[in-house]
Amino acid sequence: MILKRFDIFTLPLIILFDIITFSTIFVGIIKKIKIIYMAQDDLFKKLIAHTKEYGYIFPSSEIYDGLSAVYDYGQYGVELKNNIKQFWWEAMVKMHENIVGIDSAIFMHPDIWKASGHVGAFNDPLIDNKDSKKRYRADDLIEEHIAKYQAKIDKDVEKGQNKFGDAFNKEQFLATNQNVLRNQEKINEISGRLTKALTTDDLAELKQIIVDCEIADPISGSKNWTDVRQFNLMFETQLGSTADGASKIYLRPETAQGIFVNYLNVQKSGRMKIPFGIAQIGKAFRNEIVARQFIFRMREFEQMEMQFFVKPGTELEWFEHWKNLRIKWHKAMGLPEEKYRFHKHDKLAHYANAAFDIEFEFPFGFKELEGIHSRTDFDLKQHQEFSGKKLQFFDPESGESFIPYVVETSVGLDRTFLSILSGAYCEEEIKKENGESDTRVVLRIPPALAPIKLAVLPLIKKDGLPEKAREIIDELKFDFTCQYDEKDSIGRRYRRQDAIGTPYCITIDHDTLKDNMVTIRDRDTMVQERVKISDLTKILEEKVSMRKLLKKIF
RNA sequence: GCGGGAGUAGCUCAGUUGGUAGAGCAUUAGCCUUCCAAGCUAAGGGUCGCGGAUUCGAGUUCCGUCUCCCGCUCCA
């Protein structure tokens, strides 16, 4: 399905605005820009190709055939990513007196993952049925099988009771009845093997039990099983270089625990008073069974998290507060509002008493970008118990001690990156004055986040224009990420900048040498105006500063 | 993991019944000077995803394998 719609920019208003604000002379030509709408599948494919072609994202280890679900950020990708981080950090840490940041290590004490519940929840021996294509937990299948023998025993007991009535002696029956003894023996044998297999991580034995017991798929009745495999979502490695002296540790599957275990350090050393927050940006790792959808679900990803510690009982107010502020943060970037959706969870995880998702409409549908969770005192309580260290806050005003409640905001950096690119990628048809039309690909990245803020282009590469351009760039490069380009016609250079999302181009022509004015061209509208070189810093600052984004929130 | 599709130059692709690897765009250099891509000239770039088999000879046939995409499954 391909939809088409005409979007004609209201250029006269923009021109009027510019004339009033900057007293500039408009030199551009009014053009009609038609946005080409395309099927979402096509958009996604084109976006992936575009990000590779223009240096945003490369498949990891590509010359070795790549590594599944791992990607590298290229020369423009890293700039955009850094700008997103900066925007988040400033909105969370710089703008809040009571929030500080940390950068905790990826390696952490293995007991942390026991306390957090990840060791238990992220470790399952799984088996697939080749016929029904269903996947089961191997231990569940065996447990169910054991339950069948138990059911037989229960049935025999029931029969006996019906037969003998009050005279029935259950203990004696269980100890003497041949059927019961046979079934009980089976149970003992199987559960003995199961326990041993589970404690020694013997996957082959688990499979053997399923084969020996002739366990069939409950749906299809098929006994055609794959081998049992351990699906551990946490990556393991060892600390210590020799195999025998080494201890098994994990790469963190989330950054939150690094904040919880440092809660006391930060609170004491920073003299923090509740309510206060700790923010962190960092890598996390999950060995996903199926990792797909480009950088949406990667094995190595980056999170931007803030844990806000509050007095118990006030957590739901703070939950509302952070929910609203985080929505504002996303909206401040200026992507289409209808791309966002908000979703309150009815079913809650065991540790949460409120949860809220901010979702974005990616080319493959609405998916979670950020989660805001009221986590109660679950995490700190667990760490207090497992570490044996008191993690309480003493409130000098009321004189009470308590474990703070936590409201968490957790946003995927790579997902935010993808949301910006998929919201920004745009193909347009441009009507020229002579009636011909022409297409361009443009990344409408929010100017404050764009990798390159402006390109400085001499109209031609002689007559002293390149020298003048260098002179200008040497001044502007202190404040803005600039790019210089003199190759090919001016139109082609504009298009190259459009494709990487550079919001402004300034062009040096022969008049510049006489009047010290340049043309500044806007990426989105293609409108050009003539401004003084001496005004450039001020004008650009107004257009591309991070301050402008923050002002929309605060 | 299962099923389907794909893999030839940076990109998009062509490549006949097996006979020494091609185009357009892009890139680089030079010419031309032009405010919205595709002017002229030249050059560079591929062991056809990887490995094996058949054959005098494989991009092409067969087997294996890796990676990517779509769907299912799994996961928060």
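Just so we're on the same page: letters track the sequence lines, and every chain starts at 1.
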[N] versus [M] - spacing of their [atom1] atoms, nearest Å:
{"N": "C36(B)", "M": "G24(B)", "atom1": "P", "value": "28 Å"}
{"N": "G19(B)", "M": "G15(B)", "atom1": "C1'", "value": "14 Å"}
{"N": "C74(B)", "M": "C50(B)", "atom1": "P", "value": "36 Å"}
{"N": "U27(B)", "M": "G45(B)", "atom1": "C1'", "value": "9 Å"}
{"N": "U60(B)", "M": "A14(B)", "atom1": "C1'", "value": "13 Å"}
{"N": "A37(B)", "M": "A43(B)", "atom1": "P", "value": "29 Å"}
{"N": "G46(B)", "M": "U34(B)", "atom1": "C1'", "value": "36 Å"}
{"N": "U16(B)", "M": "G59(B)", "atom1": "C1'", "value": "13 Å"}

Non-neighbouring partners of [X] that pass side-chain contact (heavy atoms from CB on, under 4.5 Å), sequence neighbours left out:
{"X": "S534(A)", "value": "K532(A)"}
{"X": "D498(A)", "value": "R440(A), V442(A), R495(A), R521(A), R523(A)"}
{"X": "A49(A)", "value": "none"}

[X] [atom1] to [N] [atom2]: how many Å, rounded?
{"X": "D488(A)", "N": "C40(B)", "atom1": "CG", "atom2": "P", "answer": "13 Å"}
{"X": "I295(A)", "N": "C68(B)", "atom1": "CD1", "atom2": "P", "answer": "15 Å"}
{"X": "I430(A)", "N": "C35(B)", "atom1": "CD1", "atom2": "C1'", "answer": "14 Å"}
{"X": "I500(A)", "N": "A26(B)", "atom1": "CD1", "atom2": "P", "answer": "17 Å"}
{"X": "I490(A)", "N": "C35(B)", "atom1": "CD1", "atom2": "C1'", "answer": "6 Å"}
{"X": "R297(A)", "N": "C75(B)", "atom1": "CZ", "atom2": "P", "answer": "11 Å"}
{"X": "K487(A)", "N": "A38(B)", "atom1": "NZ", "atom2": "C1'", "answer": "14 Å"}
{"X": "F364(A)", "N": "G71(B)", "atom1": "CZ", "atom2": "P", "answer": "10 Å"}

TODO: Only pairs at least two apart or in different chains count here, so list each side chain to side chain donor-acceptor pair (under 3.5 Å) that has a residue in residues 450-463 of chain A.
DONE: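 Those involving residues 450-463 of chain A are D463(A)-H510(A).
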- [ ] Could you name each residue pair satisfying side chain to side chain donor-acceptor pair (under 3.5 Å) that touches residues 411-422 of chain A, not counting sequence neighbours?
- [x]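 As it turns out, the side chain to side chain donor-acceptor pair (under 3.5 Å) pairs with a partner in residues 411-422 of chain A, which skip direct neighbours, are Y73(A)-D414(A).
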Going by purine N1 to pyrimidine N3 plus the second Watson-Crick contact, or the G-U wobble pair, all under 3.5 Å, which nucleotide sits opposite [N]?
{"N": "C62(B)", "value": "G52(B)"}
{"N": "C74(B)", "value": "none"}
{"N": "G24(B)", "value": "C11(B)"}
{"N": "U41(B)", "value": "A29(B)"}
{"N": "U67(B)", "value": "A6(B)"}

Task: Minimum-distance nucleotide (side-chain atoms of R286(A) versus A76(B), C36(B), C35(B)) - done: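 Between A76(B), C36(B), C35(B), the one nearest the side chain of R286(A) would be A76(B).
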TODO: Under 4.0 Å from any atom of RNA chain B, heavy atoms only: list the residues of residues 502-514 of chain A that qualify, in numerical order.
DONE: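 T507(A), D509(A) - these, ordered by number, are the residues of the stretch whose heavy atoms sit under 4.0 Å from the strand.
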Open item on the list: Counting only heavy atoms and a strict 4.0 angstrom limit, can you tell me which residues of residues 456-466 of chain A come near RNA chain B?
Closed with: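 Listed by number, they are L459(A), I460(A), K461(A), K462(A).
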TODO: Answer yes if the side chains of T439(A) and E429(A) hold a donor-acceptor pair under 3.5 Å, and no otherwise.
DONE: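 E429(A) and T439(A) do not have a side-chain donor-acceptor pair below 3.5 Å.
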Open item on the list: If we count only N and O atoms by modelled type, under 3.5 Å, do the side chains of Q257(A) and H118(A) hold a donor and an acceptor together?
Closed with: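 No pair is found: no donor N or O on one side chain lies under 3.5 Å from an acceptor on the other.
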Open item on the list: Please determine whether any donor N or O and acceptor N or O are separated by less than 3.5 Å between the side chain of R521(A) and the base of C36(B).
Closed with: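 Yes, the side chain and the base share a sub-3.5 Å donor-acceptor pair.
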Pairwise N/O distances under 3.5 Å, protein to nucleotides 7-12 of chain B:
residue : atom : partner : partner atom : Å
C11(B)  : OP1  : K52(A)  : NZ           : 3.0

Please table the atom pairs, donor to acceptor, closer than 3.5 Å between any side-chain atom in residues 353-362 of chain A and protein atoms at least two apart or in another chain.
residue : atom : partner : partner atom : Å
N353(A) : OD1  : S374(A) : OG           : 2.5
N353(A) : ND2  : E315(A) : OE2          : 3.1
D357(A) : OD1  : H345(A) : NE2          : 3.2
D357(A) : OD2  : H345(A) : NE2          : 2.8
E359(A) : OE1  : R341(A) : NE           : 3.0
E359(A) : OE1  : R341(A) : NH2          : 2.8

Which residues pass the salt bridge (charged side-chain N to carboxylate O under 4.0 Å, His left out) test with [X], sequence neighbours left out?
{"X": "R493(A)", "value": "none"}
{"X": "E300(A)", "value": "K283(A)"}
{"X": "E305(A)", "value": "none"}

Task: Along RNA chain B (nearest heavy atom to each residue), the more 5'-positioned of H345(A) and V70(A) - done: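 Result: V70(A).
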Task: Nearest-nucleotide 5' precedence on RNA chain B, F44(A) against G491(A) - done: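 The answer here is G491(A).
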Task: Short side-chain N/O contact from R496(A) to OP1 or OP2 of U27(B), under 4.0 Å - done: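 For U27(B), OP1/OP2 do have a side-chain N/O of R496(A) under 4.0 Å.
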- [ ] Return no unless some side-chain N or O of R492(A) is found under 4.0 Å from OP1 or OP2 of A37(B).
- [x]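 No.
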- [ ] Step through the shown structure and confirm whether more than 12 heavy atoms of other residues, nucleotides or ligands are within 6.0 Å of CD on E475(A).
- [x]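 No, not enclosed.
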Open item on the list: For Y71(A) and F294(A), take the angle between the two ring planes, folded into 0 to 90°, and tell me which bin it lands in: parallel under 30, tilted 30 to 60, perpendicular over 60.
Closed with: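 Ring orientation, 0 to 90° scale: perpendicular.
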Open item on the list: Do R326(A) and W329(A) form a cation-pi contact, if we require the NZ or CZ to be under 6.0 Å from the six-membered ring centre and within 45 degrees of the ring's axis?
Closed with: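 Flagged: R326(A) positioned over aromatic ring of W329(A).
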